[in-house]
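Only heavy atoms go into these numbers, but all of them, side chains included; no hydrogens, no water, no symmetry mates. This is a predicted model, so every value here is computed, not measured.
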Amino acid sequence: MTQDYLSVLNPEQLEAVTHTGSPLLILAGAGSGKTRVITTKIAYLIDEQNIEPWKILAVTFTKKAATEMRERAEKLCERAVKSQIKTFHSFGAWLLRLYGNFAGIDSNFTVYDDDDMVSLLVKAAPQLSKQQASIVAHKIALAKDYCLTPENPDLRIIDSDAEFAELYGLYENRLRETGNVDFGDLIMLPVLMMEKNPDLRNYIQNQFKVIMVDEYQDSNVAQFRFLKNLVGENTYLCVVGDDDQSIYKFRGADINNILDFQKEFNNTKIIRLVKNYRSTSQILKCADDVVKNNKSRLGKTLEAVRGEGKKPVLAFVPSGDDEATFCGELVSQSNKKGVPYSDWAVLYRTNAQSLNFEKVFNQRKIPYVIVGSLKFFEREEIKDLICFCKFIANPMDELAFERIINKPARGIGKVSVEKIINFAKESKKSSLIETDGILEACFQMKGLSKKTQEGVSFFGNLIKDLKEILISNEGKKTEIETLADFSLDFETILQQQENQLKEFSENSAEENTLSKLIETIIKKSGLAEYYASIDETTGTQKVLNMQELCSVARDFPNNMEGLSRFLDQLELDRSLETENSSDDENKNAVTLITLHNTKGLEFPKVVISGMEYGIFPRREKTPDELEEERRLFYVGITRAKDHLYLTSSKLRVLYGRLEAMEVSPFLGEINPENLDVLGNQPPSYKRFFSKGNSSENGENLDHPLAKRWKKGAFVYHDDYGTGQIINCSITEDEEYCIGVQFETGEKKKFLPKYQQNHLTLVVE
């Protein structure tokens, strides 16, 4: 059997699978079969190296990727079912539920999402508006991606203002009072508790013989420290990634993790997977033309297995409307020849660019799906149900309490809600309330009006009734009590959890599943009637959406542990897929999608739109940022299997104004011999290949005015004051154009030829 799954590997893949001993970095190019390598390696380690499966930890970034990895590994080796294949965050949550007492966290925590962070921050710092709180919450999340606490002096790399550290501290105190965690905590807290407790760290390290990380180029600083703490002296470490596909810096990803891997882990072996099984040679030539301009890369050149194929097409169009019309015509004509709509994907840099395509596709009756729309778990009615579950799991969850106590309306105002929360906090400090927090306060709180008290009592009794639906676990030792002395290894823990799941599956009558709790919440809370009336008025399907959550809950036992795992799955393992993504994958429709969301996807026919400077790449990028934009273009190109189209518009409506556009400098990096060019080539495109042109910002342009109106020169304008020339270009009509940033921060474009009476050079 082992020979069967090894025989299908190419030489580089086989070397990567069979490597043992020193740390291994697998540089897996786009379409090079990295998932096959990872899953085969898991099977090989179990079958041939006699590694116990529970001693293997494999982590990735999305539930979808982890599920695929697990399923494919199990097909190769049945024993792989006992391997720990998880997302980074779900593994962090698993550790915290076992050993959270070392981090001061109760095992019944729930996880706050981005919206929850903003709401809690507004409560912790009432002087902040919701918009201000959103900005601060983003910085706090980024700080946790760098594993920085409020007291850490390095916090200044996020924000040097002392007020930020103060706000961060207020937020953390409020978060700990709720007994919950946020997403950043799921990585940062395990790191901190292992670094502060060497015995715990050594114990966890001894549980693993093999640690594998997928998509390593997407890891952030905190995840790197997490990995360093998990890897012991005798741990075999293997990471898989592609430095050319590191595109998530805005989420905290640090490309240096993969670039410096050899420095951090001694005697590292690097194996490059360069045989591409997805795209044709002509498409890969364009990809290589672009990415080889980056300096921060380890370097590799992809080799197409599928043959030469057709040259990518570069189409120059007059306007954004014409761009959409061109794409609509491509799709329509190919569909008439029998090509399904689902073969096509239109990629763009920002979501706003989809509007023109939607308009044209609707006119032509071309079906399409938009990746990036409202997710199922972000819908109002679903968040209401989830908050009921969160409050049942953790009666100190004040955000969940605030959302559901008066929904539907029970005559309970915001002031009364705040009084109950404050009473619960004070009572807990004085030990008047031990465990049930805000729930118990609903019964003990005095001084409310009769109507309010009736509403609060109804809510309190409702929650108590719902808690009683959960099958009692009294008499069982909690995991933390059992494991505090590290008396059980992970094999035993996993076996216990497996036995519980087996017992549940064998006795999974409807009343024993968590769906019973969800159904009861829908009926007894009043949400069914509330959303039924909305559905009747608006034609929505909110009640059906709530019933769909019941279907998800059927996979979990009707007890507190089942509730915790259910909430973990909802909050931690959401992938970046959109609502009904499983249906969309089977739907015959064109995919409209941002470049960032295409990671890991592939399509027979791909259009990359908006190839203009200012759109892709954005203007005023630092060298590092420009390299990431270039990697993003590389990712987009390598999504195409058979045909690639690039479109660039002469005019485009931006911010409500019609703007003359410059060709993206990335198009100037592709050898024109590797493209079929359609439409009128603008002068700015021709200049990329003219002798002496060496700048993306318009320097060294061949124009009489270029010698006088240079980049960096200072100017004065009658209306805007003093400014500095930040870029220069030549329009499609051969006019010399300068971009000026004024002291106010405002940026404007001018044609000096026509501004003689208003714009002058400042002579110093």
Give, for atom [atom1] of [X] and atom [atom2] of [Y], the distance between the pair rounded to the nearest 0.5 Å.
{"X": "E625", "Y": "F250", "atom1": "CD", "atom2": "CZ", "result": "13.0 Å"}
{"X": "D322", "Y": "T647", "atom1": "CG", "atom2": "OG1", "result": "11.0 Å"}
{"X": "E323", "Y": "N356", "atom1": "CD", "atom2": "CG", "result": "7.5 Å"}
{"X": "T760", "Y": "H717", "atom1": "OG1", "atom2": "NE2", "result": "9.5 Å"}
{"X": "L705", "Y": "I738", "atom1": "CG", "atom2": "CD1", "result": "9.5 Å"}
{"X": "E358", "Y": "L592", "atom1": "CD", "atom2": "CG", "result": "6.5 Å"}

Donor-acceptor check, side chain of [X] to backbone of [Y], threshold 3.5 angstrom: yes or no?
{"X": "Y720", "Y": "K748", "value": "no"}
{"X": "D676", "Y": "V313", "value": "no"}
{"X": "E628", "Y": "K249", "value": "yes"}
{"X": "T62", "Y": "A65", "value": "yes"}
{"X": "N220", "Y": "Y146", "value": "no"}
{"X": "R639", "Y": "L601", "value": "yes"}
{"X": "N276", "Y": "A30", "value": "yes"}
{"X": "N362", "Y": "K359", "value": "no"}
{"X": "S246", "Y": "D243", "value": "no"}
{"X": "S279", "Y": "A640", "value": "yes"}

Are the side chains of [Y] and [X] in contact, using a 4.5 Å heavy-atom criterion?
{"X": "D115", "Y": "K383", "answer": "yes"}
{"X": "V290", "Y": "I670", "answer": "yes"}
{"X": "W344", "Y": "S334", "answer": "yes"}
{"X": "T350", "Y": "Q353", "answer": "yes"}
{"X": "S648", "Y": "L667", "answer": "yes"}
{"X": "I637", "Y": "L644", "answer": "yes"}
{"X": "F616", "Y": "M611", "answer": "yes"}
{"X": "L259", "Y": "N256", "answer": "yes"}

Run the salt-bridge test on [X] and [Y] with the 4.0 Å N-O cut-off and return the result as yes or no.
{"X": "D218", "Y": "R251", "value": "no"}
{"X": "R349", "Y": "E612", "value": "no"}
{"X": "E669", "Y": "K292", "value": "no"}

Please determine whether the number of non-hydrogen atoms from other residues, nucleotides or ligands lying under 6.0 Å from atom [atom1] of [X] exceeds 12.
{"X": "H138", "atom1": "NE2", "result": "no"}
{"X": "E308", "atom1": "CD", "result": "yes"}
{"X": "K130", "atom1": "NZ", "result": "no"}
{"X": "K275", "atom1": "NZ", "result": "yes"}
{"X": "Q333", "atom1": "CD", "result": "yes"}
{"X": "Q541", "atom1": "CD", "result": "no"}
{"X": "K753", "atom1": "NZ", "result": "no"}
{"X": "D114", "atom1": "CG", "result": "no"}

Compare every heavy atom of [Y] with every heavy atom of [X], then report the nearest pair and how far apart it is.
{"X": "P312", "Y": "I283", "value": "CG-CA, 4.1 Å"}
{"X": "C286", "Y": "L675", "value": "SG-CD2, 3.8 Å"}
{"X": "N757", "Y": "D718", "value": "O-OD2, 3.2 Å"}
{"X": "F603", "Y": "T591", "value": "CE2-OG1, 3.8 Å"}
{"X": "S296", "Y": "I255", "value": "O-CD1, 4.0 Å"}

* To do: Could you check K285 against E673 for salt bridge (Lys or Arg N to Asp or Glu O under 4.0 Å), going step by step and ending with a plain yes or no?
  => CA-CA 10 Å; K285 283 180 185 177; E673 294 181 1; over 6 Å; no
* Applying side-chain hydrogen bond (donor to acceptor under 3.5 Å, both in side chains) between D642 and each of Q282, R306, R278, K605, report the one that passes. =>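 So, applying the side-chain hydrogen bond (donor to acceptor under 3.5 Å, both in side chains) to D642 and each of Q282, R306, R278, K605, only R306 qualifies.
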* Checking side-chain contact (heavy atoms from CB on, under 4.5 Å) against F316, which of L646, N680, L678, V663 comes through? ->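 That would be V663; it is the only one of L646, N680, L678, V663 passing the side-chain contact (heavy atoms from CB on, under 4.5 Å) with F316.
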* Qualifying residue, where the test is side-chain contact (heavy atoms from CB on, under 4.5 Å) with Y634 and the options are D242, N294, I247 ->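 Only one option passes, and that is D242.
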* Does F689 have its ring centroid less than 6.0 Å away from the ring centroid of Y685? ->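 Aromatic pair counts; centres sit under 6.0 Å.
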* Asked: Would you say the ring centroid of F750 lies under 6.0 angstrom from that of H758?
  ->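 Aromatic pair excluded; centres sit 6.0 Å or further apart.
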* Asked: Between F88 and F61, how do the two ring planes meet: parallel, tilted or perpendicular, split at 30° and 60°?
  ->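 F88 vs F61 ring planes: tilted.
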* Asked: What orientation do Y348 and F357 show, parallel under 30°, tilted 30 to 60°, or perpendicular over 60°?
  ->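 Rings of Y348 and F357: parallel, as their planes differ by under 30°.
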* Would you say the side-chain atoms of N335 and Y341 include a donor-acceptor pair closer than 3.5 Å? ->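 On atom types as modelled, these side chains qualify, holding a pair under 3.5 Å.
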* Does a side chain donor of either E329 or S332 reach within less than 3.5 Å of an acceptor in the other side chain? ->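 Distance-only check fails for E329 and S332.
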* To do: Dump the intermediate steps for salt bridge (Lys or Arg N to Asp or Glu O under 4.0 Å) on E627 and K621, then the final yes or no.
  => CA-CA 9 Å; E627 290 209 353; K621 290 286 184 180; over 6 Å; no
